[in-house]
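In the text below, chain A, chain B and the rest are named by the order of the sequence lines, each starting its count at 1.
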Amino acid sequence: MLKKIEQGKLSELVTALIDQGPLYAPVRDDRGVNFQSIRSPLAVTLDFYNSVLSPKAVFFPQSEDLISYRLGRGEPTAKTTPLPTAQTILLGVRPPDAYSFFLMDELFLGSGIVDPYWQSRRDLTVVIGYPFINQTPDAVDFYSSLGISATDTRGSDIFLIKKNGELLFKGLTEKGNALLAKQAALFTEATGDDEQYYLAALAQGAAIVTRNLDCDPKRTASKLENLFADTAFWEQMAAACISCGTCTFVCPTCHCFDIADENIFRDGARRRFWDACMFTDFTLEASGHNPRSRVYQRLRQKVCHKYSYYIRNFGVISCVGCGRCTRSCPVNIDIFTIIAEAMKK
Amino acid sequence: MDFEPKILGIACNWCTYTGADLAGTTRLKYPQNLRMVRVMCSSRINPSFVFRAFQLGADGVLIGGCHPGDCHYGTGNMYARRRLAITKKILEFAGLEPGRFRVEWISASEGNRFAEVVTEFTAAVKGLGPQTKLKVSHDG
Amino acid sequence: MTAFKEIEKKLIQQAKELLERGEVAQVIAYGRGYDDQHPMPYVAKTVADADNLVFNEFCTFNLVGYLMRCPPGIKVAIVVKGADSRAVVQLIQEAKLRREDLVLLGIPASGMVDQKTGKIIDAQTTGGQINPVLCDYLLGEEKYGRTESPYQVLKPLEVMGKDDRWQFWQNELSRCLRCFACRKACPMCYCDPCFMDQSRPRWADKSPTAEGSIMYHLTRFYHLAGRCIDCGNCSRSCPVDIPLYLFHKKLAQDCEEMFGQAAGMRIEDKPVMVDFRVEDTDEMLK
Amino acid sequence: MQNPYIPMPVEIIKVVSEVDTNEIKTFRLAFVNKEDENNFQYLPGQFAELSIYGKGESPIGIASSPTEKGYLEFTVQRAGTAVPGLVTTALHDMTEGARLGIRGPLGNPWPIEFLEGKNIVVVGGGFAFTTLRSLVNYMLHEDNRKRFGNISVVYGARNPGLLCYKGELGSWCQRNDLNVCVTVDKGDAAWEGKEGFVPTICKDAAPSSENAVAVICGPPIMIKYTLPVFIGLGFSKENILTSLEMRMKCGIGKCGRCNVGSKYVCKDGPVFSMAELDRLPRDF
Amino acid sequence: MSRIGVFVCHCGMNIAKTVRVNETVEFARDLPEVVVAEEYRFVCSTPGQELIFNDIKKYNLDRVIVAACSPLMHEKTFRKVSEAAGLNQYLVTIVNIREQCSWVTEDEDEATSKAKALINGAVYRARLLAPLSSRVIDVHPDVVVIGGGIAGIQAALEIAAVNRNVYLIERTPSIGGHMAQFDKTFPTLDCSACILTPKMDAVLQNPMIELLTYSEVAEVKGYVGNFDIKVKHKATCVNHKKCNGCQACVEKCPARGISEFDEGLNKRKAIYIPFAQAVPQKPVIDRESCTYFLKGKCRLCEKVCEQGAIDYDQEDTFREIKAGAIIVATGYDLMDTKPLVQYGYGKYPGVYHALEMERLFNSAGPTGGKVVMRDGSEPQSVAILHCIGSRDKNHHEYCSRVCCMYSLKFAHLLKEKTKGDVYQLYIDMRAGGKGYEEFYNRLLEEDVKFIRGKAACVTDRTKNPEEAGKLIVEVDDTLTGKFTRIPVDMVVLSPAMTARKDAKEMARLLNLSTDKNGFFLERHPKLAPLSTMTDGVFIAGTCQSPKDIPDTVAQATGAAAEALVVVMKEKMELEATTAFVNAAACCACQNCVKVCPYGAPFFNAEKNVAEINEALCKGCGLCAAACPTSAIITRHFTNDQIMAEMEGLMEF
């Protein structure tokens, strides 16, 4: 179904959504736009290109307690942190990011053992996608290369597009339609004209082309497999890399995590939290042996994981070309360039 | 009830800790808010100890060492002084009340001085109220 | 800017000569990134490589950290701007670099531009050191005339009430992702493993708790006290734009006042935190 | 749905110090809840995450055999030298009656079906013998013995004091349905057994590669020199099996730490044949 | 999980009267990993100790916590108990609930809750404690004494007296030092040589003492109990093994050199024995003044030497000595007064310094003991100027302590040997010491003119006829407040005693520190005046600070005793609570190497990590706190242990 609302009424809608459960939406501060849990409706912005950090944290928080325990005499008393139950809304997600949730499902849900945390949040969350319309893509974006269009609906339950002064909401899934129905009061029915506009907008958006590069999954995978032992190549690619975790932390598809027990006094929690394959101690063993002790080995791991191993395991590239890693890299390493170089080999 | 601050002390074994013993043997009275860790030399104190102490909920941190020049290890407290000076600046610039961190040189013979310092410092910290800035809030 | 083109030309030529004569094994400088506004650190190993060298207002990254990857005994040339040269000096003081292994290509770089903000980089966000304090070849005109004190920018924070200042740092540090770009970008953070990677003791939570982040940053500030050469690399590298340079500046100022020595100015100096003077007084503890 | 991150409670019912340095101990654990025990169906070669609240988790190979009912056994070395490993140290301080947690079974077992009907050469070094011990005990069990051909075991340690499962080794030697060869790099006054490095011993023993599989676990250096021996003896790489070690956290192929190429050691391993390893990138 | 036992002491009423012991015990019993908590009236008493002993066995405790008095009181006691019970002593923790609780408050609640907190801290810490064992090293029985002055001689004799080998290293051709130059010694005025010579001979005769004259320390390696000293023996050009000391060579030698011993007031042969009573009685050739070495011919001494001991080609030789302890007695230099131009030393021949005077008085001296000046005339009037370079902010702030007394001695001798007037120009008269004040009083009787005031300058610029041909000493008389000019024939300067010019070098060799005046720094100004920061190295005499002969001898004897304490036992226990480097975590910043006062950490270049020589480590922890990666672990005070204790202290 297609519904609409005056842009001015956005705050009303937001308020309504907040009542429904946690709402995550883009908020602008002096450091740029990021997805935050919304308390005040006025905080939400729709005038942005894309967020600095990907919205993955909504499903995969940077840190979450798995178990909390109390140490003391005798046996510690532990209690498992209950899985989230609140319905959640994620508003304003750009198509490449929305698609990233699909990719992550493969790992967290698709491969034998299901990750309950990811699953529950995925089930509970309605994703309101926000396609790129009349927007010249950022220089470093390359989602086109990965077969993702600016108006890709994969991963979104609802699409939100602006129509001069109005906001159009298109239900794409049952989850999405259900939400729209729930808030029917706030919306007015879309007219045929709106339908036209929506389709036109989508068509228009679909025409957007970012940096492009032919990276067919199978070919890329084998390409990188053959390149693996080419140390010179990787050393050259990693020459500038300072092996910080920035790229992995802003990335929508990086999912590596660490688990640790952390205590203060007698209280503690077993936490799982983002980790980065770029960190020196990521693979450091108690024996002192470290299979990936060199910077180039870690960069290679990151690139190959996305453009080779993931393909071998799940048939898809785990990169959406959002360009975040490139944008926030302190030394401007560009994964697109690396792949391009690799394909040339 | 009125607020009783928790004060963590770190004292060097040779001067301040011994000075504290002297305060005891001469039966001087001072507030019991101070809990002291004994280290061999004030130069053993890692500034992170101080940060940690505040995170653990200390309302004040008192460091005690030999008078510069009288260090049992010769030059230890000369380094300690610089480290602790920087530590103080860090806490201050981070926004912690400067009065919550204090370094005092108290020799083994200055039992009375030890008592004075503790009394004074305790009162001062009391005046500042509970330290909430660095303290880690935890359930339990 | 023609000045930069000039420098770039000199740089390429100088690099070629050094490599040609076999004086150095490699030249650590800047090369082209994915576009002109985003040059990358680049290592030229051959005369041909030297043609790829770039220098423009966006070549802001302090390259000195890369020297840590070079084995001692092999001569390396590196591009140093004002602050970068101080980093070299400081690291020589700390016996991490050997002067005889280095050929310093000094660039008096003014008008550098922050890639993210597009703002000119000056004594606000860095030490404002334009002329290299140490170099073998000078690839440009040294600039003189008074520049504003690098500590000017601290005034607002210093007059701020302690509670506001605490709030200020709360807001800033609470955003920390623990990506460690700051420490990895810092030429002085050569520790491996970093104290943060220690399991015994665990100085701070490995998970990104607020208290852990504060412990990390305060301790790191301490570790850099009297060593930070105020190049601003940490702050420019931070993906969430935490102005770490403010804290570093403050401690740099304190060290100068208390110990009468600025970091990385003279090779003969001893780092202030592993040194003392008999003249030291308790004033510093006030 | 069972949450794979939540450990099941177990109790230590027996602790045996294996070596004279006390750095290696075997812990016998019993499940606190029956249903957990029933759910915990494993085969030799698999491992589990041992969990101690306040310290963390540590992946350890299962040293007992599924044929031993009512308990699990883990042989644990106190990790780290100057800076001791948190979990293993805490575990070593634990005594009978203490409780901890366990997650598993994790990873793939030794490929029993593949081994069936073949002659098995088990080669182990030092304390990496744990899952091999499990395998041997499994194969020796009366219900299983006939499913396998000749079984020979070569087990070595640096010195007699560092041999694990001494008692058991003794009883194996008594049996006539397997041949056991225990060796040490350097013997002591009391030592009457073989002296010599494992690879050399294997070379001398020269087991036939005819319908045979070699299962090898040990310190990298031992593996390095033992492999060529078996290749030399005509074993095909498919018929040489080993178990990889990598830093692990989740143990279920999510945390992205222990991969070698596209394979996760925790999920797709730890058991690999040499042939498989050859197909993987050299990233371990 | 450890098994902790907590024992809370009543200390009679000392603790029990303010701390509610029972409540505390209940509290302790409830703490993690505590298996038993008990109280007792006097835990330090025999039954108290038995209680601990038995509980360790009964509950098979692996940690013991005693809450009682200060660790400085009874830590050792309880450590012994636990060792006896088979529990490593370093697993004992003392909680100080007397000096820090019961004695410093009257408030029961306060005292009790603090006691609880302290015990909780101890429990947190105890869980992380590790057993430690102190390393034992062999101690080399010999002792090296550097410096053959009275201090060195005294120390050597004391050590030899208990049959220990001593190596006495002296830089000049003979032992004796400054004292040998003196004529009389204050206040008793007995002749210096008469009391010194027997000691010098004793050294020569003593089979336990090996005398190494004309030698210097070139290098010192190792540590307490195990020093390796490299000694450089300068070429004497005389084979002392062959030489029988007949001195025929000396008689025949045509060349002359300046006599150092006579402070340049006299000449000596190029081949010479510095003075009549020198030990050893073996000559050396001074290459600077020897004709053969200057002109390439002569070799007279060679011809006359029946022993064939002369060996012109002799070269400096080096020798390695092992020793368990070292005594440094390198003495002092007399301040060079030339730079103080206002006193005209070196400009006016009538100006002498103290040591020159000693030689003038001495019957074996350049003038045969007659006080005549450089022009051969006897002075009609002499002014003795005190504090030349001492008590003077521009030169040496300290007081040289002996000048007042020897100046009085000079005055006395001058009165004895000349008819002239004697003036004493002093700031204060310092006569602290046995019989010193009496000596001063005696001098007051001897018609010596005392003028209280420091001489401003010495000049020959005369203002009136009676000053003609005299040296005029200008002084502000602080008693009369008058500015006076004193015309005299002779001026005697009493210059400061200063540290040896090469004291810094010696300090470097032995890793000693020096004070701001260049004298060697003692470990503690009051409680360890003879020890230094380097274990096994002791200092005696004027190398530590200016002092007179009795003090020097006393110090030398003390230093000998200190050295013997080290070498009398064959083995010695090193600190167990030392630091070590976890190589895996070392980032090679070398902070530890830079800060350690004992030089224990050193940098291992090929491994690219710092390492610590635990024999030198005192366990202060300075390096640990300087280590950014916490790679340095200070046993018994590890980062974990300290942080855990803090956590425990802050919990309640």
Return the minimal non-hydrogen interatomic distance between A/Arg266 and E/Tyr124, and the atom names on each side.
-> CG-OH, 3.6 Å
Heavy-atom donor-acceptor pair, A/Arg73 side chain to E/Leu31 backbone, under 3.5 Å = yes
Under 4.5 Å heavy-atom distance to chain A, tell me which part of E/Asn120 shows up: side chain, backbone, both or neither.
-> side chain
When rounded to the nearest 0.5 Å, the distance separating CD of E/Glu33 from CG of A/Leu71 is 9.5 Å
